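If you scroll down you'll find the structure; I have some questions about it.
Here is the naming used below: chain letters follow the sequence lines, and residue numbers restart at 1 for every chain. Reckoned from all heavy atoms, side chains included, excluding hydrogens, waters and symmetry mates. What you see is a predicted model, and the numbers here were worked out from it, not measured in a lab.
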Amino acid sequence: MTQEVIVLGMTVVLFIVLSIALRGFASTGNLLSLVRSVSVLGVLAVGMAVVVIGRGLDLSQVAIVAVLPAWVLQRLGQGVPTSTAVLSAVGIALAVGLANGLLVAFVELPALFSTLASGMLVYGLGRSLLLERSFVYVNPGHEGFLAIGQANFLGVPIPVWIFIGVAVAAHLFLSRTQRGRFLYAMGDNYEAARLSGIAVRPLTVMTYVLSSLVAILAGLVLAAEVASVNAQIFTSTMIFDVILVVVLGGVSLLGGRGSITSVVVGTLLIGVLLNGMVIMNFDNNVQNIVKSIVLLGAIIVDNRLHPRDEETARQGDI
Amino acid sequence: MSATTSFRQAYLRARYRFSLAQVVAELLQKRWMDALVPFVVMVVVVTTFTQLISGYTDVDNLINTGREFGEFGFLVFALTLVVIGGGIDLSIGAIFALCDLVALVCFVHFKLPLVAVIPITLIAGGALAAVNGILIGFLRTRAFLTTLVTMIIFRAVFDILGQKYSQELMSGTPENSTWEWLGSGSLLGIPSNIIALVIVAIVGHIFLSRSRPGWHLTAIGAGRRAARHAGIGIEWTLFWTYVGSGVLCAIGGLFYAARLASAGSDTGLNSEIVAITAVVLGGVSLGGGKGSVGRALIGATTVLVLTNGVVRLGVVGGMSSVVLGATLLLAVAIDVHWAKHRHKAIAKLYVVPTYLALPPGQSTDEGPFKPNQRLAKSQAIGLDMVDGPEDCIIDRQGRLYAGVRQGWILRFSGPNFENREVFSKPGGRPLGMAFDKDDNLIVCLAGMGLYGIREDGSVFKLSDETNRSWNKINDDSRLRLADDLDIGPDGRVYFSEATIRYEIHSWATDALEGRGNGRIIEYDPRNGKTRTIIKNVLFPNGICMSHDGKSFLFAETWKHSISRHWVEGPKAGTTEVIIDNLPGFPDNINRSSDGKYWLALVGMRTPSLDLAMRFPDFRTRMVKEIAPDEWLFPNINNGCVCKFDDAGNVSESLWDSGGTSHPTITSMREDRGHLYIGGLYNNRIGRIPLEGSDPSWNGVESYWGKK
């Protein structure tokens, strides 16, 4: 039994329990808002999963989510055309992803630190050079922009469509393309992949670029949803939530294991959990505790199911 | 030899005597060199900010910075401890915050006395971290994720409790002089928490570098699998590591509580990130197994001066995070590449050839060294049952002993030596052997030192270190490659250490240096003292007491020479060369029954190597530019056994010129009319009858008489 199936089982059980216990939980409206509430998280998690499957980690995602959309909103307020503002932010995100990838693949820095540091750099530089305030609102007159966060299509909110789109695209990429399969090979055994002729360095760079692009997309959706950006989100536990979702479904931080389905399943479990707790009016801290205990349970179960083989475990994996 | 050539030789000898490359390579090998880059970074950062900010070094400012440093230092210690064990703890900031709250609530709300508050806080820290310890140590979850999750939980608990007590805590703390001293007191001008930090640092340093649990922890971090194989209790060690780190966080939290009396929601927020930066900047390797208290302090200083300095420079909000991020990036980049290229640099620089011009060897075309087949028909003892019997020896009862590559001493007995038994397993690489007057077998164990083996096979240590030379960078007090020994009539043991720069597996590389890296050492059993008696010897190998017991002979392998060192009589303490033109590389020397000495030549000289030894730059280039298996090495494929007298005249030699039975001859031993032949890489011990020798003569009796 894989972790993915276990998490799916937990989701279903929780879903049934909450449907019986909480009035209004199983209504269509609530279910849509459930998925919608985690779609930004899900999009980020899909990007993170691509990096993690290639045995990396991208801690700079949230810096992009925090700074670049805020800058876009600020420029919209200054009268810059939407396309220019968005495209230049996407350009910067691309550059950040490229820099991350180069640092990890060519300078050979550990991903944990290079992305931790680049996140701090992006946030710091953005905060001091790009942004005038850390809290930015959308001025009236930008309904086109707000639509990506607030409109519906076929009765389903756009953020959910975006989540579905990103997940399907990533799934097809990972399971149907040569580069996707190579990514698994690289995450499973980097050295073996390198020796068998896979261009591991460009592939690594590509994963970080994808992750950054996904991050700016998620950031823009988030900004449009609430019509504002608080750059202080950088210091929140958001990045941990993203990792939680990725790992929960069974994408191993060791790389090479898990799939987009497992990310979607993880996202759904968190969504059900969060939604149930919101309905039960739990405060934010209690939500965090419950969420963490669930993750802890998943980690322990994973360890029981796939105990670490002390003989073949890789040194230095933390 | 003309005057110009001898002048030229003298010049070349002096020119290649010392080498900067050798100094650099040996310095780079030092463990404390790991901290070089972090130390330089710290110095640069501290100098920059003291220059940029006026009044940065004022006493008041130093004390203020020091107080912050104290609390932060405990967090960095907590993280260092865990990281050395190969883990990571992201929950330290949350534990710090919770302990701060626990201390304040106990003190302000429950009005407990300080003697209760302090232990409760420390226990709270330990208990919180024990959650991590149980999960990571016993349930074997991954440290990064686990502590990430516990961080979120602890943080949430802190926020919930903090909101509950915040009103009350703001009303102020009860009067208590000790509490105030903890928060703002100082001793001799040093802030209280710095004093505590220094004490913890000293204890921590001793713990990590001098105690068994500390070594276990380092071993686990350096190689978990190897540590497990060595029988180290990984579960409990990791568990206590996390508990210890929690207690350290609690100490920090206690001082924070006493200083600020606040439990605001930003207490310890993001401090785990800052602490990780400090740990990395200090050069504590995140792979585990490398790190020290000193390096943690270096990292903590750098980070604190940096963050604090940027704030004091009045730079806008985000800039401090830019500076921190950029420094982290730079430090990790330098550290990764420093670690990677250091070993390459050592490998390139470590072998330092010198100029060595030697007289040509005696002819092997005619005379005593003319090859023959006298060893070719030897009887093979223990064929394919011995792996590299470097030396062999026969005891009073006629049993044959041989040291083999596994670190064992084998014993063969029976009429044709067909009974093989493992006599003892001392470890190391057994090389030269000799019996002392109590019939203990004394053995040189490469990698270990000088050891003895009793008749029942039990092992005891004679010596494993000698006096350290003050002018050597490599620590030469430990014995690396004890090679051969012999014992004087008074019981003193003379043994050779072939080289102090190479281990047994790369002994042949020492030949390329042509430098006097070896030494002759004396161990005196009467007072248990070991001292170096001859230094700078070119791969001293065999050692043998002369028949009169007043001097010993020793072979210098790369110098093709035999020397005599007097230990008694008028010339005591002096050394003289008796043969300097052997045609091969001399190895072990042993007595023969007719008052002469047997000598094994492990290989024969070649004109190409003799020439190369006069061109140190050529050998330097060779070592740097081509792979080791392409290097020009001494020929040790074929050698011989020869016999010489006290004056150094060689009378005969025994060969297996095809090398089919005895390539690489390293030793021979005469006993009761036969000669036994050992080889460092051979799969047998050879035995041939010696025509016309004394059929009752035995080596042990030649030394110690009949029993």
Does CH2 in A/W71 sit with more than 12 non-hydrogen atoms of other residues, nucleotides or ligands closer than 6.0 Å?
yes
For B/L90, which atoms come within 4.5 Å of any heavy atom of chain A: side chain, backbone, both, or neither?
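B/L90 has no heavy atom closer than 4.5 Å to chain A.
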Quick one: what part of B/V83 sits under 4.5 Å from any heavy atom of chain A, side chain, backbone, both or neither?
neither
With a 3.5 Å distance limit and no angle check, can you tell me whether B/H337 reaches the backbone of A/E108 through a side-chain donor-acceptor pair?
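Looks like no, no N/O pair under 3.5 Å.
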Positive for side chain to side chain contact (heavy atoms under 4.5 Å, CB included) with A/L296, one of B/L139, B/V131, B/I152, B/L135
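The side chain to side chain contact (heavy atoms under 4.5 Å, CB included) with A/L296 is passed solely by B/L135 among B/L139, B/V131, B/I152, B/L135.
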To check you understand the geometry: which heavy-atom pair defines the closest contact between A/S292 and B/V149, and what is its length?
O-CG1, 3.2 Å
Within this structure, what is the CD1-CD1 distance for the pair A/I293 and B/I153, rounded to the nearest 0.5 Å?
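Interatomic distance, A/I293 CD1 to B/I153 CD1, rounded to 0.5 Å: 5.0 Å.
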Applying a criterion of heavy atom separation less than 4.5 Å, what residues of residues 58-68 of chain A form contacts with chain B?
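So no residue qualifies.
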A/I243 portion near chain B, given a 4.5 angstrom heavy-atom threshold:
side chain
Under 4.5 Å heavy-atom distance to chain B, tell me which part of A/L130 shows up: side chain, backbone, both or neither.
neither
Please tell me if the side chains of B/T277 and A/F113 come closer than 4.5 Å, counting only heavy atoms from C-beta onward.
no
State the CZ-CD1 distance between B/F154 and A/I289, to the nearest 0.5 angstrom.
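The CD1 atom of A/I289 is 10.5 Å from CZ of B/F154, to the nearest 0.5 Å.
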Any idea which heavy atoms bring B/L329 and A/A117 closest together, and the distance?
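Nearest heavy atoms, B/L329 then A/A117: CD1-CB, 3.6 Å.
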Rounded to the nearest 0.5 Å, how far apart are CG of A/N285 and CD1 of B/I160?
4.5 Å
Do B/V322 and A/R127 pass the side-chain contact (heavy atoms from CB on, under 4.5 Å) test, and can you show the C-alpha distance, the side-chain angles, and the key distance before you say yes or no?
CA-CA 10 Å; B/V322 173; A/R127 183 70 191 80; over 6 Å; no
Less than 4.5 Å to any heavy atom of chain A: does that hold for the side chain of B/L148, its backbone, both, or neither?
side chain
Is A/V247 close to chain B through its backbone or its side chain, or both, or neither, when contacts mean heavy atoms under 4.5 Å?
side chain
Using 0.5 Å steps for rounding, measure from the CD atom of B/Q163 to the CG atom of A/D283.
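Output value for this atom pair is 6.5 Å.
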Criterion side-chain contact (heavy atoms from CB on, under 4.5 Å) on B/F144 and A/L57, from CA distance to verdict
CA-CA 12 Å; B/F144 185 84; A/L57 197 63; 4.1 Å; yes
A/N288 and B/A156: which non-hydrogen atoms are nearest, and at how many Å?
CB-CB, 4.1 Å
Report which part of A/L103 has an atom under 4.5 Å of a heavy atom belonging to chain B: side chain, backbone, both, or neither.
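Interface part for A/L103: side chain.
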